[in-house]
Amino acid sequence: MQFDQLLQFIISGITSGSIYALIALGFTLIYNSTQVINLAQGEFVVYGGLIAVSLYAGAGLPLFAAVLLSIIIVTLIGVVFERLAIRPLINHSIMTLIIVTVGASILFKNIAMIIWGRDPLTIPAFSGDDPIMFFGASIIPQSIWVFGITMVTVVLLQLFYKKTITGKAMKACSINQTAAKLMGINSSSIVLLSFALSAAFGAIAGVLIAPISMVSYSMGGFLGLKGFAGAVLGGLGNPIGAVVGGILLGILESLSIGFIASGYKDAVAFLILLLVLFLRPSGILGARIKEKV
Amino acid sequence: MLDIRGLRASYGHIEVLKGIDLRVDEGEIVTMIGSNGAGKSSLLKTISGVVRASSGEITFKGKNIERWSCAKIVATGMSHVPEGRQLFGPLTVFENLQLGAYTRYRRDSKKEIDEDTEFVFEMFPVLKERWKQTAGTLSGGEQQMLAIGRALMSKPQLLLLDEPSMGLAPIIIQNIFAILKDLRKKGLTLLLVEQDAMVALSIADRGYVLQNGQVVMADTSQNLLDNEEVKAIYFGHRKKAH
Amino acid sequence: QKATKQQTTDTTGDTKEPYKIGAVVSATGPAGPLGEPEKKTLEMIVEQINKDGGVDGHQIELFIEDDESNPTNATTAVSKLIDEKGVIAIIGGTTTPSTLAMKPETAKVKVPHIAMAAGIKVTEAPNEWIFRTAQSDAIAVQKVIDYLSKTLKVKKFAILHDSNAFGQSGATELQGRAPGAGMEVVGVESYKTEDTDLTAQLTKIKGSGAEVVVVWGTNPSPAIAAKNMKQLNMTIPFVGSHGIANKSFITLAGTAADGVVFPAAKILVPASAAGEQKDAIDKFIADYTAKYAEGPNSFAGHAYDAIHILVQALEKAGSDNEALRDAIQETQGFNGISGIFNYGADDHDGLKTSDMIMVEIKDGKWTEKK
Amino acid sequence: MTSGRRGRLNKQWLWVGLYALTMAIIPNVLANNYYMKMLIVLAINTIIVIGLNLLMGYAGQVSLGHAAFYGIGAYSSAIMTTKYGMSAWLGIVAAILVGGLVAYLIAIPALRLKGHYLAMATLGFAEIVHILFIELREITGGTDGLYGVPAPSIAGFAFDTPQRLYVLVWMVLVICLVMALNIAKSRVGRALRAVHGSEIAAASMGVDTAKYKIQVFVLSGILACVGGSLYASMAGYVSSESFTLTVSITLVTMAVCGGMGNVWGAVIGASTLTIMQEYLKSYNDYNLVIFGAILILAMVFMPQGIYGAFSDLAKKLKHRLQAIPETAGEQHAAS
Amino acid sequence: MPLLEVENLRKQFGGLMAVDDVSFRVHRDQIKALIGPNGAGKTTLFNALTGVDKPTSGKVLFDGADITGKRAHEVAEIGIARTFQNTQIFANMNVLENVMVGRHCQTKSGIFSCMLGLPSVRREDLESEERAYSLLTLVGLEKKAKSSSDDLPVGERHLLEIARALATEPKLILLDEPAAGLNNEETSRLSDTIYRIRGNGVTVLLVEHDMGLVMEISDEVVVLNFGKKIAEGPPLLIQQDEQVIQAYLGQEIEHA
Ligand SMILES: Nc1ncnc2c1ncn2[C@@H]1O[C@H](COP(=O)(O)OP(=O)(O)OP(=O)(O)O)[C@@H](O)[C@H]1O
Ligand SMILES: Nc1ncnc2c1ncn2[C@@H]1O[C@H](COP(=O)(O)OP(=O)(O)OP(=O)(O)O)[C@@H](O)[C@H]1O
Ligand SMILES: [Mg+2]
Ligand SMILES: [Mg+2]
């Protein structure tokens, strides 16, 4: 294997991995406020992309305006979803809430099918399609956007959790709602905030990948799966873990295309994920929680 | 400071508070005694807003709070050390304390909050040693100390304490009661629930006796301590050592 | 469905019993982009036929079931159509797995069955009751093999295919037929329909010495592949499958679509057809566009052919299942959208390689590649 | 007090009898292949969800990978019969053996994981299995799948029509239901619930938590395999598309919607959702929109699942009925 | 031979030696108390004895056999039962069922016989139920047998845990602060209960901060401080031990 080929595999891996990472961050946010895995996370991504397509190609807005507006609209969708479906159940079991997100993903997905049809759609790349060469390997500018924004978000998110009291309050809500209330934390608005942010992150991922991988109504499940896998691999609840996990997953896939067989790439990636979990049951960077008895 | 009238509350269809009247004046230490399941914890929970009252009135600092959210009540100056500690297990001791001061972050300077953290650390030096340890791995008693310390972090005017001595070594209990008396002098009002009726009454000004969700007796601590009926039921046949 | 029910009540008078026809398509799910135009076409054609007085005075009552691209649903859907609705013939399904799931069902109860899926196994024996209107993968693949070996005259090519039924079947056929045409397959890579990036697979192909890459799949992946090839500065020709015979590919791939060549039915470049077939194609495009405000694709064509062949046979033989089956099998020279159909006892596909053309995308337009 | 328990048990068997009878009568009322097939699918789903409920509702271990066992069962049956010409019965036995073995091997490491990590591990396992179904073409037929799976037969009587096969499926279902109910109320059932409640406490009471987690995982895996095997016999055709992540999620949804931690919850959940999914198909494109909306509403209004909601309602009614004579008594005493 | 021998037991958490070279013995039919300041390592010691945590070093002998490092369920089968300071109730079961889980050690039916609902299973079940019920009567919870265990107040949770632990029919029971959440009267009832447990031939090792209870019922007391044993002896001597007063009891004890 030549160096530039290997490098290209790694870059390919980082390209899809950053997408997984960005989606994994969305999972992290909601997990950190409710311990719920939001199985509709992929739908936020899809809506981000599709709404941007409509605003850009349909309504004729400038690209960046369309992108921005799309993120705002999806954030609102996240807010409405939280108020209508999550809030009434916040004191119930996590499994119940997860099934609500299953319901939401089915609902969102099929509404998208009715609105946008079955064919995939796309928007232009933010800064052109001309690849950038890097030691014989090539990258498209959009991938750099994805990677860059993922990095910026993870830094901001990490600061949010480590440095701000709101970030800590968010975690507090997921650990013990009653105790959070007793601290004077308005858990209702904190959870709402996490859904809003998570929807926004999803939408950001959606608008970023629309030019690379196109968007279609049915992609949500797949993207959600990859994001979830990335989040778990890195250690649930840890933003850095989410990014490490997501990117690692992407690289694993692409290396198994390079060295094993492309048909087995997901199998290899999941196999390694399982091995990692069996050795580190809380993911790569996840904390092992032990309660005193 | 706190005035409760005709308070009722239930879990599902089981009514646990059946028309409670209770008053706590500013600067007082008031205690509630009663046997297992009398409704003491439930009353504290209803006051702090964790459990909704089904009817009746709770007035705190002149405001009707029975419909308020927990968050608003805490922000108004009440703090509750709940039964079972309710710590944030995966978070560190320090983070738990920070969250105790959650309502003050917008109001008070960082310096003030740091000072109060220091105060709690002085009160419970173990916590300072363990400030980076996750709360869930603390020993039972250390957790109880953290729960009390965390409640103090919000700088409350009224502190609801549900069995603060549970799981603490005798020497620490003595310390805590000394500190509580001290805090009272600084203007803190206390509503205290303790299993050991004698200890509770010995530091309280007044006491209420709860039975089956109702107040069956209310008097000054001294009178209750001398009351034969109370003695018979709540001091038991055996004297505790401390 | 409501509408069709109403018709039944309307026609209880002196008109004849309606013919009930069932269809199973993948209107939703991953194969939705294929199944939906099929569904629309069936509805449109049946409406036309009924308006023109039906089949020998029998109205057609059409029942369409959506299998959501899942074969399990397809089997129950067939039962529903046959046992509950009492249909006399089945059209569908859209995908090969669904069709294969339906095949034993229709055979068991002896109901004529016209499939719209391309997989080779669909019409393999036992095939007494099943026919099809989609070009079999064998034809499309042969078309590509001919193009590679005769027009491009290459010796080595690589395959990039979807791991779904369509892609797997195409890849297997290509591998099987390459040696016969004196070519070597130097790389076979697959991807999942939803994959976001194919540069890894293409990098591997780039290093394999392939002179052409054949991409076998449906949107959006081939479009991603086209873009990725540009990114990787791969200049070898991109030959597609009939799975990209739709406008969507051009929109998605943008300039990267230029120069892409793929096999397709003549409907894509109507000018390539002649005589009655051209008329049929033109009329179909016009009708479909008028009704749905978008052009039909080749999948719509499969549905068109299926319903028309069935109706012709009904006209000839009536609704008796054996007679109907025989009538379908006797279909000769039917000018369909996908080609001119000549079924026979040992040919339930009815099409030849000459029914397909190679199409090249030039400046975002389809042109026939001679 | 013991007599009270006896009474409760008897009532339970009454319900089982009633259920078995209803399931036996329905085919006589709705006698056509389509309804029979729907009933078979419903029964198969019920069998699988009963197992899943033992695993999730009782032992508290989440699995997002049961489609894999469903598939392993179906493929084992199909491969044994179509490739090796074995009888369908041997196919079912093979399905149970293979599925049980795979479940055992995956359970040992996986059940050390908790919560979402376990969910991810089972999901990952199912994805791997799904890919193997697609890629091991020689054995599985790739994406084309395998067809020509024969129906089982006894002494010349073949279960080859839906009506006949249903008899077999019905018997398996009733057996599974009875076995699950037996486990649920037994020592093992309590051990499983203890594992759910607190693993440390369970272990300190002498419950070998690892053993029970593995046992219940294997059991639920086997039930899914049995379901898969029956499915293969019904459809005569097996393809990887029938065993996707969506199927795993649907199964979990059935378990949760019905009500976890009660065997009847599984029965109710699987039946309701299977019927609803089929019924909604007539709404075409709006089918799943409605389904998603109903799912959300169902959870919002019945967070404990259908069984939970009804038992709550029953309790409330009981309470109300008891309250009336009580207050009447009080009034009497007052006067 | 003593029933339980702890030899040079150590348990380390990172840099913290929570139990540091502790040795002591518990004799048959003794009520022995383990006291010490908060964080002294009492619960940690219990965890190391019962297989909830692995000790870092040292040895535990039970009935003469080495049980160091055995897993929790094995320890329970050998005959050591325990309660938890942070109570671990099975919230998804009612009170009676909680105790019946304790009967797990004493029953045998495996998953297959349970599945088939064999008569032996049913017999075992009824017996378990009766036994569990009588244990609830022992701790005074019989009236709550059918109520949800999740709603129990803290004090009653401890009582339930005692009943549950006794259901395993242990030779030795470890009680971690059983009096927490009980009032004076209930505590004195608890001391009766503990006597009765001992009367049934069960040895008791008790962690408790209620000195009244400890001094009244225990035959011997071990005192830990910072993980180390600082005193051991009969209650009266311990009460006067200067080191123990300094570290743990405080001054008020003398006035009482
Ligand atoms: N979440 C709940 N659901 C139902 N019933 C409850 C719940 N919590 C408490 N109870 C019941 O309410 C009654 C009062 O309980 P509460 O905890 O207020 O008593 P308490 O006086 O604090 O007792 P203790 O002295 O044991 O702390 C008890 O009978 C208890 O079983
Ligand atoms: N997992 C852990 N990681 C780090 N430190 C721990 C851990 N578990 C316990 N500790 C520490 O070990 C010390 C001993 O704890 P332990 O619970 O044994 O105390 P204890 O004697 O039971 O105290 P209490 O009377 O308060 O219950 C405590 O200081 C505690 O903070
Ligand atoms: Mg209480
Ligand atoms: Mg302790």
Side-chain angles (χ1 to χ4, degrees), chain B residues 11-12 14 16 33-42 83-85 87 89 124 126-127 129-130 132-133 136-145 162-163 165-175 177-178 194-200 231-242, chain E residues 13-14 16 18 35-44 84-87 140 144 147-148 151-157 159 176-177 179-189 191-192 207-216 225 235 239 244-253 255-256:
Chain B
Y11 296 109
I14 306 164
V16 287
I33 55 180
S35 53
N36 240 311
K40 305 177 297 285
S41 302
S42 308
E83 193 174 37
R85 298 163 195 152
L87 296 177
F124 303 117
V126 204
L127 294 185
E129 268 170 50
R130 303 253 186 277
K132 268 179 113 168
Q133 190 172 326
T137 60
L138 292 177
S139 89
E142 289 162 352
Q143 290 188 358
Q144 186 66 30
M145 298 178 209
D162 201 342
E163 304 189 25
S165 71
M166 191 193 304
L168 293 179
I171 193 166
I172 304 279
I173 300 180
Q174 292 156 27
N175 267 344
F177 282 133
E194 265 298 336
Q195 286 299 350
D196 193 333
M198 187 113 90
V199 172
K231 264 190 199 162
I233 302 177
Y234 297 104
F235 299 164
H237 321 290
R238 190 182 52 85
K239 234 175 144 200
K240 281 206 179 184
H242 54 262
Chain E
F13 295 113
L16 179 80
I35 64 171
N38 296 119
K42 306 178 294 292
T43 302
T44 308
F84 298 90
Q85 181 175 14
N86 289 344
T87 52
K144 296 212 169 175
S147 46
S148 145
D151 304 337
L152 291 185
V154 182
E156 291 180 352
R157 286 167 176 253
L159 296 178
D176 201 346
E177 300 198 21
L182 298 183
N183 64 27
N184 304 18
E185 200 212 330
E186 290 156 344
T187 308
S188 65
R189 218 181 315 136
S191 72
D192 294 344
V207 166
E208 188 48 69
H209 289 301
D210 183 335
M211 284 306 110
L213 181 66
V214 169
M215 298 306 167
E216 180 191 328
N225 191 21
Q239 249 172 325
V244 178
I245 294 174
Q246 272 287 313
Y248 182 60
L249 297 173
Q251 296 308 317
E252 246 176 44
I253 191 95
H255 311 305

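Because the structure is a prediction, the values reported are computed rather than measured.
Here CG of B:Asn36 is found 10.5 Å from CD of E:Glu185. Values are rounded to the nearest 0.5 Å. Separation of atoms CG (E:Leu182) and CD (B:Glu163) is listed at 9.0 Å; rounding is to 0.5 Å. Of the inter-residue distances, the one linking E:His209 atom NE2 with B:Gln144 atom CD reads 10.5 Å to the nearest 0.5 angstrom. Note that CG of E:Asp210 is 7.5 Å distant from CG of B:Asp196, once rounded to the nearest 0.5 Å. The OG atom of B:Ser35 sits 6.5 Å away from atom CD of E:Glu186, with the distance rounded to the nearest 0.5 Å.
Annotation: side chain of B:Gln195 is not in contact with side chain of E:Thr187 (no heavy-atom distance under 4.5 Å).
Contact record, B:Ile172 with E:Asn38: CG1-OD1, 3.7 Å, taken as the closest heavy-atom pair. Across all their heavy atoms, B:Arg85 and E:Asn86 have their closest contact at NH1-OD1, 2.9 Å. Annotation for E:Glu177 and B:Gly167: closest pair OE1-CA, 3.1 Å, computed over non-hydrogen atoms. In terms of heavy-atom proximity, B:Ile171 sits nearest to E:Ile245 at CD1-O, 4.3 Å. Closest approach of E:Met211 and B:Pro170 over heavy atoms only: CG-CG, 3.9 Å.
Counting heavy-atom pairs under 4.5 Å between each of B:Gly141, B:Ser165, B:Gly37, B:Ala197 and chain E puts B:Gly141 at the top. Comparing B:Gly84, B:Ala169, B:Gly34 by how many heavy-atom pairs each has under 4.5 Å with chain E, the most go to B:Ala169. Comparing E:Gly39, E:Gly155, E:Gly181 by how many heavy-atom pairs each has under 4.5 Å with chain B, the most go to E:Gly181.
For B:Glu142, the parts lying under 4.5 angstrom from a heavy atom of chain E are both the backbone and the side chain. For E:Ala247, the part sitting under 4.5 Å from any heavy atom of chain B is the backbone (N, CA, C, O) and nothing else. When heavy atoms are compared at a cutoff of 4.5 Å, E:Leu16 approaches chain B solely by way of its side chain, counted from C-beta outward. Looking at B:Leu168, both its backbone and its side chain come within 4.5 Å of chain E, counting heavy atoms on both sides.
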